[in-house]
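Residue indices begin at 1 and follow the sequence shown. Computed over heavy atoms, backbone and side chain alike; hydrogens, waters and symmetry mates excluded.
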Amino acid sequence: MEKRRLGRIGHPTSVLVYGAAALGEVSQQVADESLAQALAAGINHLDTAASYGHAEERMGPTVARVREQVFLATKSTERRAEDAWRELNRSLERLRTDHIDLWQVHAVCDLAELDAVFAPGGAIEAFVRAKEEGIVSWVGITGHTEQAPVVHAEALRRHDFDSVLTPVNYQLYTADAVFRDHFDTLYALVQERDVALRTIKAIARRPWTGEHRLATWYEPFTEAADIRAAISWVLGTFTGIAGLATAGETTLLGRAVDAEAHRMDPSEAAEHLARIEDYRTIFV
């Protein structure tokens with residue numbers, strides 16, 4: 001699997017980042033098997049969150065065994081410093097480790113949320129403290145929705161975050177000129193500052209229509225050719241993206257691994273994706 005430099009962090013990260021939202025509601029056996037599949041495929045970067053159901057707890061046994069072999073990231077949705085600090089300590093216990101490589105302020109999707117993070121007594125104080133005390137090595141910010149890139153660019157103006165996790169896929173970038181402009185601004189900024197950039201929602205197809213058949217909150221691509229095109233487009237179009245998170249569904253992991261191993265030219269991928277008639281934004 002291709003490795004890319006994770007910005008100033010320097011970790012040679014696998015371009016597929018294990019999205020542990022997939023483990024929120026699964027059994028320990030399913031979690032163990034999925035993580036083993038990821039590691040065997042060459043994934044060396046695990047990304048989870050305290051808010052992902054039982055994911056941190058399910059990851060604990062594997063993390064304890066391979067801790068020095070993987071880059072471990074988790075997140076907090078708490079907005080007050082004392083609450084975020086408490087959550088960090090719970091994450092350490094669940095993940096069976098004494099340090100986190102990357103701790104992220106999670107789900108900052110609009111400027112009001114960003115203001116809450118930076119208010120007196122806000123979560124950013126816990127993140128600064130954790131880094132100063134060496135409990136976490138690096139700090140980052142994440143978010144969803146079309147507004148995330150502009151919010152994350154503003155976040156970088158307020159604080160020198162080491163990492164950004166933001167959404168992008170072919171549909172978002174090509175169909176929404178405002179999103180595209182904001183993403184391009186963020187993309188230039190992270191490269192200028194050597195900030196690690198990772199992305200989410202590469203294989204998101206549309207909002208669910210009818211029964212939710214998978215664990216993802218949106219309907220993902222499930223056909224191998226579509227997944228191959230979606231992943232190829234993101235990684236081939238933006239070489240400054242260090243990695244993209246796999247979808248929050250364990251049964252799709254193997255297809256993502258195959259897609260990364262057999263990537264197509266970005267222009268070919270774009271032609272394939274442009275022909276999908278029901279491809280649209282999941283942020284509604």
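Side chains of Asp32 and Gln28: a donor on one and an acceptor on the other come within 3.5 Å. Side-chain atoms of Thr48 and Glu56 include no donor-acceptor pair closer than 3.5 Å. Side chain to side chain, Arg198 and His45 meet the donor-acceptor criterion of an N or O pair below 3.5 Å.
Put simply, the side chain of Ser232 gets close to the backbone of Met264: a donor and an acceptor are under 3.5 Å apart. A donor-acceptor pair under 3.5 Å links the side-chain atoms of Arg67 to the main chain of His99, judged by distance alone. Checked by atom type and distance alone, the side chain of Trp208 pairs as donor or acceptor with a backbone atom of Tyr218 at under 3.5 Å. Between the Trp138 side chain and the Ala73 main chain, no donor and acceptor come within less than 3.5 Å of each other.
Hydrophobic clustering keeps Ile200 apart from Ile282 (ILVMFWY residues linked when any side-chain heavy atoms are closer than 4.5 Å, directly or through intermediates). Phe161 and Phe183 fall within a single hydrophobic cluster, where Ile, Leu, Val, Met, Phe, Trp and Tyr side chains are chained together by heavy-atom contacts under 4.5 Å.
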Between side-chain atoms of residues 14-25 and protein atoms elsewhere (two or more places apart, or another chain), which donor-acceptor pairs fall under 3.5 Å?
| from | atom 1 | to | atom 2 | distance (Å) |
| --- | --- | --- | --- | --- |
| Ser14 | OG | Leu16 | O | 2.8 |
| Ser14 | OG | Asn44 | N | 3.1 |
| Ser14 | OG | Asn44 | OD1 | 3.2 |
| Tyr18 | OH | Ser34 | OG | 2.7 |

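Taking a cutoff of 4.0 Å between a charged side-chain nitrogen and a carboxylate oxygen, Glu219 and Arg205 do not qualify as a salt bridge. By the 4.0 Å N-to-carboxylate-O rule, Arg158 lies close enough to Asp115 to be salt-bridged with it. Salt-bridge check for Arg255 with Asp258: failed, with every basic side-chain N at 4.0 Å or more from each acidic carboxylate O. With respect to the salt-bridge test (charged N to carboxylate O, under 4.0 angstrom), the residues Glu87 and Arg90 qualify.
Checked against the 6.0 Å centroid threshold, Tyr279 and Phe221 count as a close aromatic pair. Within the 6.0 Å centre-distance limit, the rings of Phe238 and Tyr173 are counted as a close aromatic pair.
What you find for Pro149 and Thr166 is that their closest heavy atoms are N-OG1, 3.7 Å.
Counting non-hydrogen atoms of neighbouring residues, nucleotides and ligands closer than 6.0 angstrom, the CD atom of Gln29 reaches no more than 12 such neighbours.
Annotation: ring pair (Phe, Tyr, Trp, His ring centres under 6.0 Å) contacts of His262 (sequence neighbours excluded): none.
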